[in-house]
Structure formats: C-alpha cells, structure tokens
Amino acid sequence: MKIDILQHNLVPEHVILSDEEAEKVFSENDFEEDELPKILPNDPVVKAIGAKEGDIIQITGKSETAGIFTKYRIVRK
C-alpha cells in the first residue's frame with residue numbers, strides 16, 4: 001500500500017516557485033537566494049512534487065500559535 005505523503009495532515013503545502021515568483025519574494029522580503037535554508041533533493045515531499053536541485057519551494061502551513069505561516073527553502077545537497 002502506497003501512501004500519498006502530500007495528503008497527510010501534518011505535511012504543509014509545498015509549491016515550486018517560478019523564477020519570476022522567486023524574484024518577487026526576494027525583492028519584497030529583502031533576502032537573497034543564498035540566505036535560504038536548504039531542503040534536500042531526497043526529501044520525500046521534494047520527490048513527490050517533482051522539485052529539482054536549485055528550485056525554490058514555498059511552504060505554507062497552519063499553526064495553532066502562529067496561524068498561517070509561509071517559509072521558503074531551496075533544494076540543495
């Protein structure tokens with residue numbers, strides 16, 4: 001039996017950003033690509049969404065204390 005990890009209630013939404021979307025995020029938030037935390041290419045969610053090395057991923061989730069949160073990761077070893 002194979003489980004779809006993206007449907008699990010503890011896995012927040014992961015979206016691969018286009019180059020234009022990533023540039024907009026960088027300019028609006030005053031940080032650069034090399035300042036992003038990494039997410040490994042062999043991460044199960046990275047594999048499930050088809051992200052490749054160098055992609056910027058937007059992660060949006062829900063928290064009881066923070067409400068809705070957004071964070072960004074770059075796919076790198």
A.B. asks: If you measure from CD1 on Ile56 to CD on Glu23, what distance do you get to the nearest 0.5 Å?
C.D. replies: 9.0 Å

A.B. asks: To the nearest 0.5 Å, tell me how far Asp19 CG sits from Lys24 NZ.
C.D. replies: 15.0 Å

A.B. asks: For the side chain of Asn29 and the backbone of Phe31, is there at least one donor-acceptor N/O pair under 3.5 Å apart?
C.D. replies: no

A.B. asks: Between Val75 and Leu17, is there a shared hydrophobic cluster once you connect ILVMFWY residues whose side-chain heavy atoms come closer than 4.5 Å?
C.D. replies: no

A.B. asks: Any side-chain to backbone donor/acceptor pair from Glu21 onto Ser18? Under 3.5 Å, distance only.
C.D. replies: yes

A.B. asks: Would you say Val45 and Ile74 are hydrophobically clustered, going by side-chain heavy atoms of ILVMFWY under 4.5 Å?
C.D. replies: no

A.B. asks: Any side-chain heavy-atom pair from Phe26 and Glu32 closer than 4.5 angstrom?
C.D. replies: no

A.B. asks: Before giving the answer on side chain to side chain contact (heavy atoms under 4.5 Å, CB included), spell out for Glu53 and Arg76 the whole-Å C-alpha distance, their side-chain angles and the decisive distance to 0.1 Å.
C.D. replies: CA-CA 5 Å; Glu53 185 124 3; Arg76 289 259 160 83; 4.1 Å; yes

A.B. asks: How long is the span from the CG atom in Leu36 to the NZ atom in Lys71, to the nearest 0.5 Å?
C.D. replies: 12.5 Å

A.B. asks: Would you indicate whether the side-chain heavy atoms of Thr60 and Ile68 approach each other to under 4.5 Å?
C.D. replies: yes

A.B. asks: So how far is it from Leu6 CG to Glu13 CD, rounded to the nearest 0.5 Å?
C.D. replies: 10.0 Å

A.B. asks: Do Ile3 and His8 make a side-chain contact, defined as non-hydrogen atoms from C-beta onward lying under 4.5 Å apart?
C.D. replies: no

A.B. asks: Quick check: closest heavy atoms across Gly61 and Pro12, and the distance to 0.1 Å?
C.D. replies: CA-CB, 3.7 Å

A.B. asks: Looking at NZ of Lys77 and CD1 of Ile39, how far apart are the two atoms once the value is rounded to the nearest 0.5 Å?
C.D. replies: 15.0 Å

A.B. asks: Take atom CG in Asn42; do more than 12 heavy atoms of anything else shown fall under 6.0 Å from it?
C.D. replies: yes

A.B. asks: Please say yes or no: joined through hydrophobic side-chain contacts below 4.5 Å, possibly via intermediate residues, are Ile16 and Tyr72 part of one cluster?
C.D. replies: no

A.B. asks: Enter the distance from Arg73:CZ to Ile57:CD1 here, rounded to the nearest 0.5 Å.
C.D. replies: 10.0 Å

A.B. asks: Quick one: does Glu28's side chain have a donor or acceptor within less than 3.5 Å of a partner on Val25's backbone?
C.D. replies: no

